[in-house]
Every structure is written in C-alpha cells, then in structure tokens.
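Note: hydrogens, waters and symmetry copies are ignored here, and every other heavy atom, side chains too, is used. Here is the naming used below: chain letters follow the sequence lines, and residue numbers restart at 1 for every chain.
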Amino acid sequence: MAGSNTSRSKSLRLSISALMVLGALMPIFADAGQARDRDPEWLAPAKHAARVNPLTTRVDAAAGGAKLFQQRCATCHGEDGNGTTKAPDLSQPSVQEQSDGALFWKISTGNTYQGMPTFSFLPELQRWQLVLHLRAIAAAHHSSD
Amino acid sequence: MRSGRVFTLLICCLAFLAGERSASAQERPYFVTYDHFLEEPHNLEIAVASTSGFPKAGRSSYTAPWLELEYGVAGWWTAELYAEGVATARDGAGFTGWRWENRFRPLKREHRVNPVFYVEYERINEASRIQKEIVGRGGLPFEQIAELRQDVAHELEGKLILSSVLSSWNVAGNMTVEKNLSEDEGLEFGYSVGISRSLGGLASGSTCHLCRENFALAVEAYGGLGTSRDSSLTGTRHYIAPVLAWHLTNQTLLKVSPGFGLTSASDRYLLRVGYSYEFSIARGR
C-alpha cells in the first residue's frame, strides 16, 4: 500500500512537472510569432499564377470572402488586413501586384516555415472568395488615402 | 482527483492568457486519423472528448473521457498534451494516464502527398480505453479498473502520416508503431485511414450555424496489425467509423462518430464525441 502511494505521488509529480515545462515554454513560443522577412523563394509556379478567379463577376461572393477573412486570416494579418507583428500588410504593392492565381496558390499551399498555414482544407471556391477580399482590402486602403 | 484539479487550474490560466483574441478552428474531422494540417502557429485548442464502448455480451460498457491541449508551436510543429480517464458500468472508474504528442511537418509547401512525422510518449495504465490509436493484437482487458490501474506502462509511439487533398476531399493514412518501454514485448503495429470533405461550397456572407459550409463528413477505419513477434492478424481489433463534424462557431467544433467493430476481438460499437475550442495566445499588434 505504501509502495502504491509512493508510486502514485511520483507519477503525480511527473505529470505536474510536464505541465510546468509546457507552461514555461509557452511565452518563448509566443515570442517566436514575430513577422519574418519575405521569403523570396515563395513564388507561385507559372501555371498556377495564370489561373483566373471564377468569382470575379459574382458580386454576392464578396461578403463571404470578408467573413472568411475575419475567421481565418485576421488573427495574424489584422482585421483590416493592414498587417500586424505576426504577418504582413496585404494592401502593400508586393502583395497586390501578384495575380489572383498566385494569391490563390499561396493561400492554398501556405509557407509553413514562415508561419503561413496551409488552407487547402477550405473548399476551392472559398479560397477564391478570400482572393476577392484581398482585392477589396487594397481598394479600401486606396480610398482611405 | 488531484491530477484533475491541476488540469482545471491549467485551463483557467490558459483561458486568462488568451483574453478575447479569437482564432478560427481548423480541427481535423477525424478522431483517430491525422491529416497534414497542423495547428496554426500560437493557437491553442482545448478539447474534451470521450470514447464510449459497448462490448460484446457479458462485459461492462465504459466511457473513457479525455482532455486535450493542442498548441501550434510553429507552422511546422504542433504539440499536444492529453489527460485521460475511464468510467465503467460495473468495474469502477479512475485516471488512466497522460500523453505528450508532437507532430512535425518536414516540407514547406503543399504537395500531392504530404508527410508528417508523429512522436508520442505515453504514461498510461492498462485501464486506458480512449483508443486514440489501436495497435497490436487482442481485446481490451476487462478486470476491475482499480486492478488495471496498478499496471502502468511507459510507451513510445511513432506514426508516419501521409495526407493529400484531392479536389474537395482529404485522404489520409497513418502507420503506427508502438514500443512499451516497461515490458519486453517487441513492437506493436497499427493503422488508420480516413477520407473527409467539407459540405460547403461558397461561403455565405452572414453568420449562420446550420449552413452546409459549417459541416464536414468523414469516414475512418482503424485497427491493429499485430506485433513484431507475431505478425498474424488473428485477434486484432478493427473498426469503421463515420464522423460528422459541425463548426458551431468560428472557434468551436463538435464531432460525433459511431464506430462499428469488424472482428471478434473488437467491441460491438464505439461512440466518440468531442468538443473543441480554439484561440490565439500570441497577439499581433
């Protein structure tokens, strides 16, 4: 019985130690969330960059893109898409000069080592809706200048 | 009981850290199978889930709840901590152990087939019944829980996860190898495969709870593949299980999965239910 209690308290101590290590490491992980330099190798292949957004004429799809952006992207890129310490401003020319197909490819494939998640789990039409919203961000940015 | 209090305290601390910052849940629509989508960097997901088993005649049904904390350490690394327990109809209840899991995605970009490496350390006892993976041979032991809890094992588990996106479908397969570090048992093998898809097409512009875009359907199959000392499949457990996943809100996901035992060593049915809540810890400024 005494042996069982000793073993139980040993395992409890081990469990608590593991939790404390997890807790101690979290701020370190959080600091790692700083925006990184642009990855010059992150370029959409030509055949993907040439793809055309099938929703360009679908005015009704834009609101869905805005909703998806708030759900999926705003945590890092900011609610208005103007960037945070975690991810870049999406209204800047280096982003907006890219084709719809290139933006779609980047949303789909991500760049996990730079902190950009892969969004290929979203249905394809929803990823195109996000591209529509990226264009709307630039338009809003210009109109506020 | 004391371990339960520690976890409650941990959750309260993490919820405080999180503040009001929301993050969208992208929890996989599987219970056992893993795909290549890792947790978003600096997002924390808290999940509670359970596996209820309805064994063949004469054995006591059980419910095995678990608590899961999943954290996106980096875009290529997700860590998870589990605490689990069990309650049975006639044989008692108790804490069954904890697990520390890490998944690493070695490739930067999306490919036709995306590999992920999985490493887990478990300190669980023989009463564990959450069945997050099934390996080796033989059915679950059905002695008294108090008795089973005396038999503690340290185990190391590795998985190779392969996952693809084909049109709107995700197809994933996992191969599992497990080593009990406390016993000289050789290696145990297992598998799981899953296919899933979101029911949504275009996202609607308004907030809705019952829209098709909030639902995903999946089917997964999993089971044991024998051991390094006996590779026959006799006495192995196998299940097939459809899954329904419902994004109740941006941050929360509810999953339900009835599983059907396919062999004589399997329980007749399993019922898995899970609820998860996800938020961002690191705040962008």
Side-chain angles (χ1 to χ4, degrees), chain A residues 4 7 11-12 14-16 18-19 22-23 25-27 29-35 39 41-42 55 58 60-68 70-78 83-87 108-126 128-129, chain B residues 2-3 6-7 10 13-14 17 21-24 26 28 35-44 69 71-76 79 81 83 97-98 100 105 107-111 114 123 150 152 165 167-168 170 197-198 200-207 213 216 250 280-285:
Chain A
S4 151
S7 147
S11 66
L12 185 61
L14 199 59
S15 307
I16 293 170
L19 290 174
L22 176 74
L25 289 177
M26 277 190 170
F29 298 153
D31 282 347
Q34 303 300 310
D39 179 359
E41 293 177 8
W42 195 32
L55 303 177
R58 292 281 299 271
D60 58 319
K67 183 178 86 173
L68 287 169
Q70 293 307 318
Q71 291 175 348
R72 305 284 175 186
C73 318
T75 308
C76 296
H77 289 283
T84 69
T85 51
K86 291 171 71 181
S108 300
T109 69
N111 191 358
T112 51
Y113 281 64
Q114 293 291 108
M116 170 69 180
T118 300
F119 287 97
S120 60
F121 63 87
L122 287 175
E124 194 168 309
L125 283 174
Q126 292 185 16
W128 284 118
Q129 283 182 285
Chain B
R2 285 169 65 193
S3 300
V6 170
F7 276 94
L10 181 72
C13 294
L14 292 171
L17 276 173
R21 195 70 181 151
S22 69
S24 183
Q26 62 168 45
R28 63 188 181 278
D35 57 28
H36 66 290
F37 300 110
L38 301 189
E39 190 60 73
E40 288 184 29
H42 316 298
N43 277 10
L44 178 71
L69 302 176
Y71 183 67
V73 182
W76 51 273
L81 183 68
W98 56 271
W100 174 247
R105 189 172 157 167
L107 303 179
K108 266 181 163 183
R109 315 241 197 282
E110 185 94 351
H111 295 270
N114 301 282
R123 188 195 177 284
Q150 301 301 318
V152 177
V165 173
S167 185
S168 298
N170 171 256
R197 70 162 289 159
S198 163
L202 270 184
S204 67
S206 58
T207 303
E213 71 197 60
N250 267 356
S280 175
I281 285 183
R283 300 162 192 231
R285 291 175 289 274

So which part of [X] gets closer than 4.5 Å to some heavy atom of chain B, the side chain, the backbone, both or neither?
X: A:Q129; result: side chain
X: A:L55; result: side chain
X: A:W42; result: both

Note, [X] side chain near [Y] side chain (heavy atom, < 4.5 Å):
X: B:N170; Y: A:F121; value: no
X: B:N250; Y: A:R72; value: no
X: A:Q114; Y: B:P41; value: no
X: B:E40; Y: A:F119; value: yes
X: B:L202; Y: A:R58; value: yes

Quiz item: Where does B:S198 contact chain A at under 4.5 Å (heavy atoms): side chain, backbone, both or neither?
Solution: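 For B:S198, the contact with chain A is made by the side chain alone.
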Quiz item: Side chain, backbone, both or neither: which part of B:H36 has a heavy atom under 4.5 Å from chain A?
Solution: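 The side chain, not the backbone.
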Rounded distance (nearest 0.5 Å) linking atom [atom1] of [X] with atom [atom2] of [Y]:
X: B:H42; Y: A:K86; atom1: NE2; atom2: NZ; value: 6.5 Å
X: B:N114; Y: A:T109; atom1: CG; atom2: OG1; value: 10.0 Å
X: B:D35; Y: A:S120; atom1: CG; atom2: OG; value: 9.0 Å
X: A:L125; Y: B:S168; atom1: CG; atom2: OG; value: 8.0 Å

Exercise. State, to 0.1 Å, how close B:R105 and A:Y113 come at their nearest heavy-atom pair, and which atoms those are.
Key: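 Result for this residue pair: O-OH, 3.3 Å.
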Self-check item: Carboxylate-amine/guanidinium contact A:K67 B:E213, below 4.0 Å
Solution: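 Salt bridge between A:K67 and B:E213, a charged N being under 4.0 Å from a carboxylate O: yes.
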Quiz item: Taking atom types as modelled and ignoring hydrogens, do the side chains of B:R109 and A:T112 form a donor-acceptor contact shorter than 3.5 angstrom?
Solution: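 Judged by distance alone, the side chains do not pair up.
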Quiz item: Top residue by heavy-atom pair count (under 4.5 Å) with chain A, among B:A216, B:S204, B:A203?
Solution: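 Ranked by contacts with chain A, first place is B:A203.
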